[in-house]
Amino acid sequence: MKVIMLGAPGAGKGTQAKMIAERYGVPHVSTGDMFRANIKNGTALGTEAKKYMDAGELVPDELTVRILLDRVAKDDCKNGYVLDGFPRTIPQAKVLDEALDKIGEQVDYAVDVDVPDENIIKRMSGRRACLSCGATYHIEHVPPKTADVCDQCGSALVLRDDDKPETVKNRLNVYHEQTQPLIAYYTEKGILRTVDGTLPMEEVFNAITAILG
Ligand code: AP5
C-alpha cells in the first residue's frame, strides 16, 4: 500500500500518518522529520534545510527528492509506505511517479486532510513536538502526561521554530501556491480522496480507513 498524505501545515497529516502506519504495518515516511533529524545531528543537509524551514519556505526539490528516494528504496518500504509531507510540489510528484513507474508500481491513494486556514494557526500554536523521537502533542487535544515532557522517550517538548504565528502564515501561503495544485494533479489520476480534518482525530482516522479498506 502506498499512500500520500496531503493537506495544509498542521492539518493533521503526521497524526494520521502515524496511525495508518501502525494499523497497516507500513513505515511512516516524513520528509519534515527527516530534515529535523538532520538538523539535530548537525549534518550539512540539515544546515541547508534549516535556512528554508525557519522561514516557512520549501526546501529545494533536488535536496528533498534525494532524501525521499533514498528512504523509500530501503527494505522496510518493500510492502509500501505512507508519505507525510511529500510530494509538496508538482515536480516532486512527477519524480515519484517516474521512480515508481520504473519498477512497475504506483501510488494507491492521495488522502487530502482538509482543514480551513482559520483553524490552522490556532492548532499550531498549541502543538508541542519531541525533536528526539518525532512524537507530536497538542496542549488541548493531545496533552502529554507531564507538561512539556515526551510520554514516549522523556525528552523535553518544544514549540517548533516554524510553528510561530508569522512563520505559519508564510507556510500557509507557500502551501496554497505550491502544494495545493497537487489536489488537481491527483484528482486527474483518479486517486484523490478528501477527508474532513476538522473532526476529532479518531473520526478522521475512521474516514481514512474506510477509504483504504
Ligand atoms: P513538515 O514537518 O512536513 O510540516 P507540515 O507539512 O507543515 O506539517 P506539520 O508537521 O506542521 O503538520 P501536520 O499536518 O503533520 O499536523 P500534525 O499531525 O502535527 O515540514 C516542515 C518543513 O520542512 C516545511 O515547511 C519545509 O520547509 C520542509 N519540507 C518538508 N517536506 C518537504 C518537501 N517535500 N519539500 C520541500 N520542503 C519540505 O497536527 C498538528 C497539530 O494539531 C498537532 O498538535 C496535533 O496534535 C493536532 N491535531 C491533529 N489532528 C487533529 C484533530 N483532528 N483535531 C484537533 N487537533 C488535531
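Being a predicted model, the structure only gives us computed values, none of them experimental. Heads up: numbering here begins at 1 and tracks the sequence. When a ligand or atom number is given, it counts from 1 through the structure's own listing order.
If you look at Thr198 next to ligand 1, there are no close heavy atoms at all, none under 4.0 Å. Contact annotation for Thr136 and ligand 1: only side-chain heavy atoms (C-beta onward) come within less than 4.0 Å of the ligand. By the criterion of a heavy-atom distance under 4.0 Å, the side chain of Thr64, and not its backbone, is placed next to ligand 1. Only the side chain of Val142 comes within 4.0 Å of ligand 1, counting heavy atoms alone; its backbone N, CA, C and O stay farther away. For Arg36, every heavy-atom contact with ligand 1 shorter than 4.0 Å involves the side chain, none the backbone. Contacts between Arg160 and ligand 1, counted as non-hydrogen atom pairs separated by less than 4.0 Å, involve the side chain only.
Interface atoms of ligand 1 facing Gly85, defined by a heavy-atom separation under 4.0 Å, are 31 (N), 32 (C), 33 (C), 34 (N). Close contacts between ligand 1 and Thr31 involve ligand atoms 30 (C), 31 (N), 32 (C), 34 (N) [criterion: under 4.0 Å to a heavy atom]. Residue Tyr137 approaches ligand 1 through these ligand atoms, each under 4.0 Å from one of its heavy atoms: 43 (C), 44 (O), 46 (O). Every atom of ligand 1 with a heavy atom of Gly197 under 4.0 Å away is listed here by number and element: 53 (N).
At a 4.0 Å cut-off, at least one heavy atom of Met124 sits close enough to ligand 1 to count as contact. Close to ligand 1: Ala8, with a non-hydrogen atom less than 4.0 angstrom away. Put simply, no part of Gly126 is less than 4.0 Å from ligand 1, judged by heavy atoms. Distances shorter than 4.0 angstrom do not occur between any heavy atom of Ser30 and any atom of ligand 1. Heavy atoms of Gly7 stay at 4.0 angstrom or farther from ligand 1.
One option in His138, Met201, Arg127 has a heavy atom closer to atom 11 (O) of ligand 1 than any other, and that option is Arg127. Between atom 3 (O) of ligand 1 and the options Arg171, Glu202, Arg88, Gln92, the minimum heavy-atom separation is to Arg88.
Between Thr167 and Asp54 the shortest side-chain heavy-atom distance does not fall below 4.5 Å.
Within a 6.0 Å sphere centred on CD of Gln106, other residues, nucleotides and ligands contribute 12 heavy atoms or fewer. Counted within 6.0 Å of CG on Asn173, heavy atoms from surrounding residues, nucleotides or ligands total more than 12; the atom is thus considered enclosed.
Atom 12 (O) of ligand 1 has as its closest protein heavy atom Gly10 N, 2.9 Å. Nearest non-hydrogen protein atom to atom 52 (C) of ligand 1 is Arg123 NH2, 3.4 Å. In this structure, the protein non-hydrogen atom closest to atom 49 (C) of ligand 1 is Thr15 OG1, 3.4 Å. For atom 26 (C) of ligand 1, the nearest non-hydrogen atom of the protein is Glu57 O, 3.6 Å. Regarding atom 53 (N) of ligand 1, its nearest protein heavy-atom neighbour is Leu199 O, 2.8 Å. Of the protein's non-hydrogen atoms, Lys13 NZ, 3.3 Å is the one closest to atom 8 (O) of ligand 1. In terms of protein heavy-atom proximity, atom 23 (O) of ligand 1 is nearest to Met53 CE, 3.4 Å. Nearest non-hydrogen protein atom to atom 37 (N) of ligand 1 is Val59 N, 3.0 Å.
No side-chain N or O of His28 forms a donor-acceptor pair with one of Asp33 less than 3.5 Å apart.
Without hydrogens or angle criteria, His138 side chain to Arg123 main chain gives a donor-acceptor distance under 3.5 Å.
To the nearest 0.5 Å, atoms CG (Asp61) and NZ (Lys94) are separated by 11.5 Å. Separating the OG1 atom in Thr89 from the CG atom in Leu182 is a distance of 7.0 Å, to the nearest 0.5 Å.
Shown are Met1, Met5, Arg193; of these, the side-chain contact (heavy atoms from CB on, under 4.5 Å) with Tyr109 is made only by Arg193.
Between Asp162 and ligand 1, no N or O atom pair is found at a separation short of 3.5 Å. At least one N/O-N/O distance between Gly12 and ligand 1 falls below 3.5 Å. The N/O atoms of Pro87, backbone and side chain alike, include none that comes under 3.5 Å of an N/O atom in ligand 1.
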